[in-house]
Asks: 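Take a look at this one; I'll ask things after.
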Amino acid sequence: MDWMDVKAVAAGSGEQAPREPAPRDAAGAVPVLGPIEGLLDSLNPPQRAACEHEEGPLLILAGPGSGKTRVITHRIVHLLTTGRARPDEILAITFTNKAAREMRDRVEKRLGGTKGLWISTFHSLCARILRRDAEALTGYTRDFSIYDTGDRNLLLKRLIKELGFDPKRFRPAVVGGWISNLKNRVAADGLRLDSDGGMEGEVYDKVRRAYEAAMRENNALDFDDLLLKVLELFDEHPGIRDNYSRRFRFVMVDEYQDTNRVQYLLTQHFASHHGNLAVCGDPDQSIYAWRGADIRNILDFEKDYGAAELVRLEQNYRSKGTILAAASAVIAHNNARKAKDLWTEDEDGERIAVLECGDENDEAREIAMQIQGFVGRGGSYGDMAIFYRANFMQRAIESALRLARVPYQIVGGLEFYSKREIRDLVAYLRLVVNPADDVAFERVVNVPARGVGATSLARLSEWARGCGVSLVVAARSSEALEAIRGRAKKGLAEFSALIEQLVSLREASPAVVLDFLLEEFNRERWLREMDDGSGTDDREANIDELRAHAEEYDRLHPDAGLRGFLEEVALVSDTDNMESDVAKVTLMTLHSCKGLEYPYVFIAGVEEELLPHARALAETMDPDAGLEEERRLFYVGMTRARERLFLSHAGTRLFFGESRWTRKSRFLEEIPGELVEGGRPDLEEDEALGAYEPREVDAGLAVGQVVVHDHFGTGTILQLTGSGVNARAVVDFVHHGTKQLLLQYAGLSPAS
DNA sequence: AAATCCGCGTTTTTT
DNA sequence: ACGCGGATTT
């Protein structure tokens, strides 16, 4: 980590005379500075070479922890401050919003602003282009809706039924996955679909056609369309394509190993005019083949773009030697791979620990205990992260952390925007912007309840289809309403009136529209209506959060309006809710952890079937490829760790409510050298726990006493053992049976 | 049309 | 174990 001050070579990075300061395109644009003295001094030679590379293609092969993001941001800053480019001539593309934000922050730190720079994900970049140029696509307007997977499946289900197929046999999610897959690869293999069964394939294809037609009618695009339509736009309107490729004189793509065919072609378009394309990535960290990423894109880069400069970043500044060696040894088991030598100047550090646990709860508890131990010895929660292969594993870990009073945050997982109340409100907003959005209409026409049920809706749909109009238009037509009975008729009229009012607020700020809606709904009644017994507090809080989010958005983007807000909501999932400088342990899937680093990393569930995931081995593609991608995933997880790495596995684990025996992962055998088995590698239990400040435990607890526990509720103490930090109680809980608890974590209090 | 009950699939990963 | 959607009842 000290490499920054290793060399203090005087500034002399071959600066040329800065060009005439370019005219700024807007007030508050990035200030055009002179060259920053010594900007590149802190970089090692290859890093520096990557930053100084000027025109033409550049491939940066960057191992984990090799300062890749640093290089990209420095390169941007370098381009700007030497006057080689204006902010609005630079396009940097990332895969996740997290990465985009990180990059923007870092540039901002150096320049004090990022106005005019385009740093975004493929998806938001494309959405932005389409907002501008959608009219050039037949059938679409700039008010298009963006459908997420849920919306897509809802529409598919309706279509499958309408076409007379059984949605059980042809499940919307499966058909949708198939369509998505097709779109991601479409440009590679042409439109030919290689369906297995002739009959099945035909159905799939019929549904697909109906889906595309319906999407057009709804003025809606799904995630894949965002990219695909831009490709279409560029293909059909070379003029538009040229505008962009001339405008962005420098294009950069991060995590290039994760690009799919469509993204590959888009990139090509963006660079078509000048060839100033810098991509960076690491084939060993390619973990998205399952959704169409094609590792050949990065492997063939030099072939695709002749005379590309190649820079390899192989010095690792992140992990202790032992961790790096272990990760390297694991990844070396992949055959389809070019060998690579990562090295570090750092010391070896502590050995990697393997935690063998009973079941998933023991595992979670063990991790929690480790964490408390380290915090007791001066560690900070914010320095620790727990990774797992699949989201369901989150549960056990979460509850153990709660019990142990470990503060945590979860990245991704259950999404904010998939919550009922949020989806409904958002659907209203969508309908206001894009009245052709029938999926949104169906979602909210009876929210809150207006007596409009399935049958009336079916009648309305039928009429609408007959006339070729949207549901909103149909609902306004007295002719359409003739076929509908009293209660529902009145409801539809109410709904129409509401939409009409909302449409007049079309240009208002998102928060204003939300307020109007909530007022209109009678918030309390609506909440009560949604109550499923768990109370309305959470939903209420979610609504407030959405409102706050809308307000914040409006403040930052005063001119973006509803359209902009909806785009953000559709594309910025709350995977991005991660707070980085906060005293909380961070939980996430192995896929989400890419690009991050933590001093202490725990990887849970390092087991066969789970870490090489069974489905990755069994399914579709060739099993070796599946296994190797799993290995890369593990590699990505391991290389996030700076100081300490903990790998845990449980003897049994609950799947679908059924406890199953497990075997430890073959990947563990691939780690050379000695692993510390079990227990706490460098602490005795007492030491670990003693360091953690105990809460007062003996507060008059006695056998036979009735006590209350945060999580398990009321119970009776059957037995008390141990003392001090080892004091335990066996408690028979009314609803949860008998548990043994460590008093210092349990927080038992006498029942009142 | 709304409320309740039952059966089924779910859990690989994400924009 | 759990939640969703569909079928059943009220």
Side-chain angles (χ1 to χ4, degrees), chain A residues 93-100 120-127 146-150 152-154 157 161 166-168 171-174 177 180 183-184 221-227 255 258-260 262-263 286-293 387-396 411-415 417-418 420 446 449-457 484-488 491 529 532-534 567 570-576 588-594 605 609-620 626 629-630 632-634 636-637 653-660:
Chain A
I93 307 176
T94 64
F95 272 81
T96 62
N97 299 295
K98 217 189 307 173
S120 74
T121 62
F122 270 107
H123 292 255
S124 39
L125 167 66
C126 288
I146 298 173
Y147 281 8
D148 67 12
T149 318
R152 179 196 74 186
N153 292 348
L154 224 52
K157 188 162 135 199
K161 281 199 242 173
D166 176 7
K168 287 235 163 105
R171 294 228 299 290
V174 174
S180 170
K183 285 178 176 180
N184 284 158
L221 299 171
D222 62 27
F223 287 143
D224 306 315
D225 289 333
L226 290 175
L227 309 194
E255 307 284 11
D258 286 329
T259 47
N260 64 27
V262 177
Q263 289 156 339
S286 156
I287 54 176
Y288 287 106
W290 54 273
R291 65 169 195 199
F387 306 148
Y388 34 85
R389 176 65 234 263
N391 275 312
F392 77 96
M393 300 168 66
Q394 178 189 312
R395 277 201 186 175
V411 175
L414 325 150
E415 282 175 38
Y417 290 105
S418 63
R420 239 292 246 340
N446 204 32
R450 295 188 180 86
V452 183
T455 36
S456 341
L457 189 58
I484 291 161
R485 310 189 142 277
R487 182 109 160 66
E529 197 178 297
D532 53 1
S534 52
E567 190 168 305
L571 297 178
V572 180
S573 73
D574 69 340
T575 307
D576 312 292
M588 70 186 102
T589 64
L590 283 164
H591 280 86
S592 316
C593 78
K594 187 153 61 159
E609 315 270 270
L610 198 55
L611 195 31
H613 196 284
R615 294 184 68 166
L617 304 183
E619 222 123 295
T620 55
E629 179 146 316
E630 294 294 298
R632 289 192 293 269
L633 192 55
F634 185 47
V636 167
R653 187 177 295 277
L654 218 54
F655 288 94
F656 307 124
E658 179 194 13
S659 183
R660 295 218 310 243

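In what follows, every chain begins at residue 1, and chains take the letters A, B, ... in the order their sequences are listed. In what follows, every heavy atom counts, from backbone to side chain, and hydrogens, waters and symmetry copies are set aside.
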Asks: Considering only side-chain heavy atoms of A/His123, which listed nucleotide, B/dT13, B/dT15, B/dT11, is closest?
Replies: B/dT15
Asks: Can you tell me the distance, in whole Å, between the CD atom of A/Glu630 and the C1' atom of B/dT11?
Replies: 13 Å
Asks: Under 3.5 Å, which protein N or O atoms sit close to an N or O of nucleotides 8-10 of chain C? Give each pair with its distance.
Replies:
none

Asks: To the side chain of A/Phe655, which of B/dT14, B/dT11, C/dC2 is closest?
Replies: B/dT11
Asks: Determine the contact category for A/Thr149: base if any of its heavy atoms lies under 4.0 Å from a base atom, sugar-phosphate if only primed atoms, P, OP1 or OP2 are that close, otherwise nothing.
Replies: base
Asks: From the list C/dG6, B/dT15, B/dT13, which nucleotide is the closest neighbour of the side chain of A/Thr96?
Replies: B/dT15
Asks: What is the distance from CD of A/Glu609 to C1' of B/dT11, rounded to the nearest Å?
Replies: 13 Å
Asks: Rounded to whole Å, please give me the gap between CG in A/Leu654 and C1' in C/dC2.
Replies: 12 Å
Asks: Do we see A/Phe122 stacking on the base of B/dT15, given a limit of 5.5 Å between centres and 30° between planes?
Replies: no
Asks: Mind checking side-chain hydrogen bond (donor to acceptor under 3.5 Å, both in side chains) for A/Glu567 and listing every partner two or more places apart, or none if nothing turns up?
Replies: A/Arg131
Asks: List in chain and number order the residues that pass side chain to side chain contact (heavy atoms under 4.5 Å, CB included) with A/Asn260, two or more places apart in sequence or in another chain; answer none if no residue qualifies.
Replies: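 Residues passing side chain to side chain contact (heavy atoms under 4.5 Å, CB included) with A/Asn260: A/Asn184, A/Val262, A/Gln263.
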Asks: Roughly, in whole Å, what's the span from CZ in A/Phe223 to P in B/dT15?
Replies: 8 Å
Asks: Of the nucleotides B/dT13, B/dT15, B/dA1, which one has an atom closest to the side chain of A/Ala488?
Replies: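 The answer is B/dA1.
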Asks: So, using side-chain hydrogen bond (donor to acceptor under 3.5 Å, both in side chains) as the criterion, who are the partners of A/Tyr388 when residues are at least two apart?
Replies: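 Not a single residue meets the side-chain hydrogen bond (donor to acceptor under 3.5 Å, both in side chains) criterion with A/Tyr388.
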Asks: A/His591 has a side chain; which of B/dA2, B/dT15, B/dT14 sits nearest to it?
Replies: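 That would be B/dT14.
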Asks: Reckon A/Asn446 touches a base, only the sugar-phosphate, or nothing at all at heavy-atom distances under 4.0 Å?
Replies: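 It contacts sugar-phosphate atoms only.
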Asks: Whole angstroms only, please: what is the CG-P distance between A/Asn391 and B/dT13?
Replies: 5 Å
Asks: For A/Arg420, which contact category applies under a 4.0 Å heavy-atom criterion: base, sugar-phosphate, or nothing?
Replies: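 Since no nucleic acid heavy atom lies under 4.0 Å of A/Arg420, the category is nothing.
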Asks: A/Met588 CE to B/dT13 P: how many Å, rounded?
Replies: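 Spelled out: CE on A/Met588 to P on B/dT13 is 15 Å.
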Asks: Between C/dG6, B/dA1, B/dA2, which nucleotide gets closest to the side-chain atoms of A/Thr455?
Replies: B/dA1
Asks: With the criterion being N/O to N/O and under 3.5 Å, what pairs connect the protein with nucleotides 8-10 of chain B, and how long is each?
Replies:
from	atom 1	to	atom 2	distance (Å)
B/dT10	OP1	A/Arg171	NH2	2.3

Asks: Output all residues satisfying side chain to side chain contact (heavy atoms under 4.5 Å, CB included) with A/Arg487, sequence neighbours left out; order by chain, then residue number.
Replies: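 Expected list: none.
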Asks: Check whether any side-chain heavy atom of A/Leu633 lies under 4.5 Å from a side-chain heavy atom of A/His613, and answer yes or no.
Replies: no
Asks: Should A/Leu610 and A/Met393 count as side-chain neighbours, where that means a heavy-atom distance under 4.5 Å?
Replies: yes
Asks: Please enumerate all residues that pass side-chain hydrogen bond (donor to acceptor under 3.5 Å, both in side chains) together with A/Ser456, with sequence neighbours excluded.
Replies: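 By the side-chain hydrogen bond (donor to acceptor under 3.5 Å, both in side chains) rule, A/Ser456 matches no residue at all.
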Asks: What is the distance from CZ of A/Phe95 to P of B/dT13, rounded to the nearest Å?
Replies: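 Value for this atom pair: 19 Å.
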Asks: Both A/Leu633 and A/Arg487 contact DNA chain B. Taking the nearest nucleotide for each, which residue is further toward the 5' end?
Replies: A/Arg487
Asks: Using only side-chain N and O atoms of A/Ser592, determine if any of them is under 4.0 Å from OP1 or OP2 of B/dT13.
Replies: no
Asks: Go through the structure and list residues passing side chain to side chain contact (heavy atoms under 4.5 Å, CB included) with A/Thr121, not counting sequence neighbours.
Replies: A/Thr94, A/Asn97, A/His123, A/Ser124
Asks: Could you check which of B/dT11, B/dT13, C/dG6 has an atom nearest any side-chain atom of A/Lys161?
Replies: C/dG6
Asks: Rounded to whole angstroms, how far apart are CG on A/Asp258 and P on B/dT13?
Replies: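 Checked: the CG to P distance equals 16 Å.
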Asks: Tell me which nucleotide among B/dT14, B/dT15, B/dA1 gets nearest to the side chain of A/Thr121.
Replies: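 Ranking B/dT14, B/dT15, B/dA1 by closest atom to the A/Thr121 side chain puts B/dT15 first.
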Asks: I want to check something: taking the side chain as every heavy atom from C-beta on, are A/Arg389 and A/His591 in contact at a cut-off of under 4.5 Å?
Replies: yes
Asks: Counting the atoms with a prime plus P, OP1 and OP2 as sugar-phosphate, which does A/Lys594 contact under 4.0 Å by heavy atoms, base, sugar-phosphate, or nothing?
Replies: nothing
Asks: Less than 3.5 Å between a donor and an acceptor, one on the side chain of A/Arg389 and one on the base of B/dT13, is that the case here?
Replies: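 In this structure, the two groups form a donor-acceptor pair.
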Asks: Among all residues two or more places apart in sequence or in another chain, which pass the side-chain hydrogen bond (donor to acceptor under 3.5 Å, both in side chains) test with A/Asp148?
Replies: A/Arg423
Asks: Classify the angle between the aromatic ring planes of A/Phe655 and A/Phe392 as parallel (below 30°), tilted (30 to 60°) or perpendicular (above 60°).
Replies: tilted
